[in-house]
Protein chains: 2
Amino acid sequence: MVVFNERDSDDLDQLFHALANRTRRDIVARVLGGEVAPISVLADRYEMSFAAVQKHVAVLEDAGLVTKRRSGRKRIVHGNPERLGEARQLLAELEELWHARFSQIDAVLDDPTTNEE
Amino acid sequence: MVVFNERDSDDLDQLFHALANRTRRDIVARVLGGEVAPISVLADRYEMSFAAVQKHVAVLEDAGLVTKRRSGRKRIVHGNPERLGEARQLLAELEELWHARFSQIDAVLDDPTTNEE
DNA sequence: ATTATATACAACCACATGGTTGTGTTTAAC
DNA sequence: GTTAAACACAACCATGTGGTTGTATATAAT
């Protein structure tokens with residue numbers, strides 16, 4: 001119901017910032033899609049250095065969108081769909097504010113309890 | 001169906017970047033919620049200069065999340081809910097990739113036509 | 001044992017971001 | 001007709017971002 005609270009506004013900044021980059025969205029799509037993904041394998045598909053991809057994964061990890069699990073010398077990247085859900089939830093709430101504009105007018109006319117100045 | 005295409009990846013970068021800031025999310029919430037909002041009125045509620053808020057509105061406008069309409073010397077800021085829908089849609093598609101991981105296994109077992117290597 | 005692979009991490013760079021102040025212009029209020 | 005309000009816009013600044021290269025370390029392959 002409450003759209004914004006101080007508490008997790010930094011979280012949301014991080015979350016949306018992580019999604020505001022094509023390479024990172026692509027990585028998220030791949031790991032969510034089920035690709036077994038050590039960083040090295042991910043890195044092969046992008047025209048940038050291993051270190052650059054490593055940084056992108058770190059941004060995603062800080063945002064909570066992926067986690068890394070060690071497997072020998074590899075770090076397997078796993079997706080975190082719940083975190084995406086949080087972002088989608090917030091957008092849905094924002095859209096809901098818009099819809100509420102109209103339904104509110106009806107409500108005020110119908111419901112006498114909304115009539116406290 | 002197709003999650004990413006080259007064409008609008010810059011658009012999405014802009015869109016998510018615009019949402020990756022508390023002040024901007026707050027502005028979006030207010031204008032979508034129906035607040036009549038010249039920039040000056042918006043600016044009053046934040047502890048930053050008018051010019052700073054002006055810039056935030058500009059970022060939102062470039063991202064397509066709001067539009068400005070002139071009214072005398074004021075610029076009324078209006079929300080653009082469809083654009084939010086686009087972002088939500090993309091997140092939904094990403095989540096769908098995750099769900100598809102499991103339903104795909106079932107599908108392969110059930111449907112012989114998926115059996116072309 | 002040596003070599004190659006996969007990663008971590010630091011230093012560096014050009015450019016973007018989020019803020020500021022200052023100046024100019026149009027419109028409203030007196 | 002002055003003054004004040006609402007905005008546009010530029011210059012500036014500290015910090016962040018997205019990339020690079022280089023060095024170090026742990027594990028796998030030979």
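Proteins come first, then strands; the chains are lettered A, B, ... in the order of their sequence lines, and each starts at number 1. In this text the structure is predicted, and so the values were computed from the model without any measurement.
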Closest to the side chain of B:Asn21, out of D:dC7, D:dT21, C:dG18, is C:dG18

First encountered from the 5' end of DNA chain C, between A:Ala51 and B:Arg24:
A:Ala51

[N] [atom2] sits how many Å from [X] [atom1], rounded?
X: B:Lys55; N: D:dC12; atom1: NZ; atom2: P; answer: 13 Å
X: B:His56; N: C:dG19; atom1: NE2; atom2: C1'; answer: 8 Å
X: A:Asp10; N: C:dG18; atom1: CG; atom2: P; answer: 13 Å
X: A:Tyr46; N: D:dT20; atom1: OH; atom2: C1'; answer: 19 Å
X: A:Phe50; N: C:dA6; atom1: CZ; atom2: C1'; answer: 6 Å
X: A:Asp13; N: D:dG16; atom1: CG; atom2: P; answer: 13 Å
X: B:Leu19; N: C:dT17; atom1: CG; atom2: P; answer: 14 Å
X: A:Phe16; N: D:dT17; atom1: CZ; atom2: P; answer: 16 Å

When you check the phosphate oxygens OP1 and OP2 of C:dT21, does a side-chain N or O of B:Ser49 lie under 4.0 Å from one of them?
no

The correct set of residues in residues 58-76 of chain B placing a heavy atom under 4.0 Å from DNA chain C is B:Arg70, B:Gly72, B:Arg73

Would you kindly compare B:Gln54 and A:His17 by the position of their nearest DNA chain D nucleotide and give the one closer to the 5′ end?
B:Gln54

